[in-house]
Amino acid sequence: MQKHQNLINGEWVGDTFAENSNPSDLTSPVGLYARATAAEAETAIAAARAAFPAWAAMPPLQRHAILRKAADEITARREELGRLLSSEEGKTLAEGIGEAARAGQIFDYFAGEVLRAGGELLPSVRPGIGVEITREPVGVVGLITPWNFPIAIPAWKLAPALAWGNCVVLKPADLVPGCAWALVDILHRAGLPAGVLNLVMGRGSVVGQTMLDSPGIDAISFTGSTATGARVAEASARLRRRVQLEMGGKNPLVVLDDADLAVAVDCAVQGAFFSTGQRCTASSRLIVTEGIHDAFVAAVVERMGQLTVGHALDSATQIGPVVDESQMEQDQRYIAIGRDEGAKLAFGGERVSRGTEGYFLQPALFTDATNAMRISREEIFGPVACVIRVKDYAEALAVANDTEFGLSSGIVTSSLAHATHFKRAAQAGMVMVNLPTAGVDFHVPFGGRKASSLGPREQGHHAVEFFTTVKTAYTFPGRP
Ligand code: UN1
């Protein structure tokens, strides 16, 4: 099996490796990937610090060229990268290739942002004085990325960090080091100077903890669970470090009586079960008004019966495996909890076997759920959704907002009045009308409210808020 080392200060290093497993086929691991020690993580942080002044001062056209070159290689290799992604994470090949292509688009976009960096020029309130507002890189940025988007999330944190002149220490999720390694290899060969980008694959308790405790890291961008996010925030507060946290979701999809049934079913099935439901933007609460409720449930159940669950690389597969044993246990535990709470399991929920040894789970739909049940309140992060029946739009909106989370919120309706009201009243960072709650563009802000997010938005130009710091300079040119 091929061995993949960590990149620290421009060198590939490390001699302890762990197997990267394939959730579709536990007998065919993806490769061996290094596990960094705490000392290696410290070295990576120091290398990033040392590389920062020269990288921040590098002429924009050179930075642009490196990111552009990386974008081109990612795009050209999207099928191979997609296959690697689907092998290590388990989403279908079509989803894997789509995600790899998205990573290429993200680098392309941020290569352009390098050249668009600018500032503001204002007259002072005092005569004869000018004020310049400019942005500077933050310094050394720590990126901690989750397993469910093995290439897109590293890309959407790395590209803006590098574009705006920061140095990076990247710690990808332990379960999916493969795509992060491939991305770092591409960027390294595209010409990044030594130390500008360091890859420290390994355990959260070792590598992640070292990053949290290090005053050498000026900012941390994290995507993952709400519980881990809270630890990142606490450790960072002690060090007065900037944080950007993207955490859980319990996203509502409201379906009103006036919805087009086919659109509603499509949004629900896509949003709840595609990517095996392993998205913080997944629609896990389907809030349905009583006039359409029975027809909607019947149509969703029928569609679910047609979904093919199987090996991620099999072209017929629509729902790949669950990522690993502990996520499988969590999904099944919540399915049991839902039953105990009195919700009705209308479809699926059983572990199924296929030709290979993997974590295959039939997507599950609960009906007769209330918004007070644990299955309606806690993030499951699997292909499990519940239907909550409501009287009318007003009740639907109240239920949609009655959650500790606030990432994405969707509505299916043909009423302009309801759609418009919902866009304003939904307590979420993102609102989708006649679209699934999951699946976002790469060039506009991404993020949520309440327990879902903390700090400035990711993606698009808005990412500038996190990856740069503002300087206000006053000049009095007429003064001798
Ligand atoms: C999407 O829905 O297209 O972890 C992206 C997640 C999110 C990304 C979702 N940060 O699921």
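Both counts, for ligands and for their atoms, begin at 1 and track the order of listing. Residues take their numbers from the sequence shown, with the count starting at 1.
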Below 4.0 Å from ligand 1: does a non-hydrogen atom of [X] turn up there or not?
X: T437; value: no
X: W156; value: yes
X: M430; value: no

Per-atom contacts of ligand 1 with [X], taking only distances under 4.0 Å to non-hydrogen atoms:
X: A438; result: 2 (O)
X: G439; result: 1 (C), 2 (O), 3 (O)
X: I153; result: 4 (O), 10 (N)
X: R102; result: 1 (C), 3 (O), 5 (C)

Discussion item. Ignoring hydrogens and geometry beyond distance, is a side-chain donor-acceptor pair present between S283 and T437 at under 3.5 Å?
Written reply: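 Their side chains do contain a donor-acceptor pair, which is all the 3.5 Å distance test asks for.
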
Are any of the N or O atoms of [X] closer than 3.5 Å to those of ligand 1?
X: P146; answer: no
X: V440; answer: yes
X: T223; answer: no
X: N148; answer: yes
X: R279; answer: no

Discussion item. Over 60° means perpendicular and under 30° means parallel, so tell me whether H4 and Y33 are parallel, tilted or perpendicular.
Written reply: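 Rings of H4 and Y33: parallel, as their planes differ by under 30°.
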
Discussion item. Which label fits H461 and W164: parallel for a plane angle under 30°, tilted from 30 to 60°, or perpendicular past 60°?
Written reply: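 Plane angle over 60°, so perpendicular.
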
Worksheet item: Backbone N or O of E465 within a donor-acceptor pair of the R457 side chain at under 3.5 Å?
Response: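 Such a contact is absent between R457 side chain and E465 backbone.
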
Practice prompt. Note the single closest protein heavy atom to atom 6 (C) of ligand 1, along with its residue, its atom name and the distance in Å.
Written response: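 Ranking protein heavy atoms by distance from atom 6 (C) of ligand 1, first comes C280 SG, 2.6 Å.
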
Practice prompt. If you have a sec, work out which protein heavy atom is nearest atom 2 (O) of ligand 1 and how many Å separate them, to one decimal?
Written response: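 Of every protein heavy atom, T281 OG1, 2.6 Å lies nearest to atom 2 (O) of ligand 1.
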
When you check the gap from the basic side-chain N to the acidic O, do [X] and [Y] get nearer than 4.0 Å?
X: R77; Y: E73; answer: yes
X: E99; Y: R102; answer: no
X: R68; Y: D108; answer: yes
X: R354; Y: D314; answer: no

Practice prompt. State whether F107 and K69 meet the cation-pi test: NZ (Lys) or CZ (Arg) under 6.0 Å from the six-membered ring centroid, and within 45° of the perpendicular axis.
Written response: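 So K69 doesn't make the cation-pi contact.
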
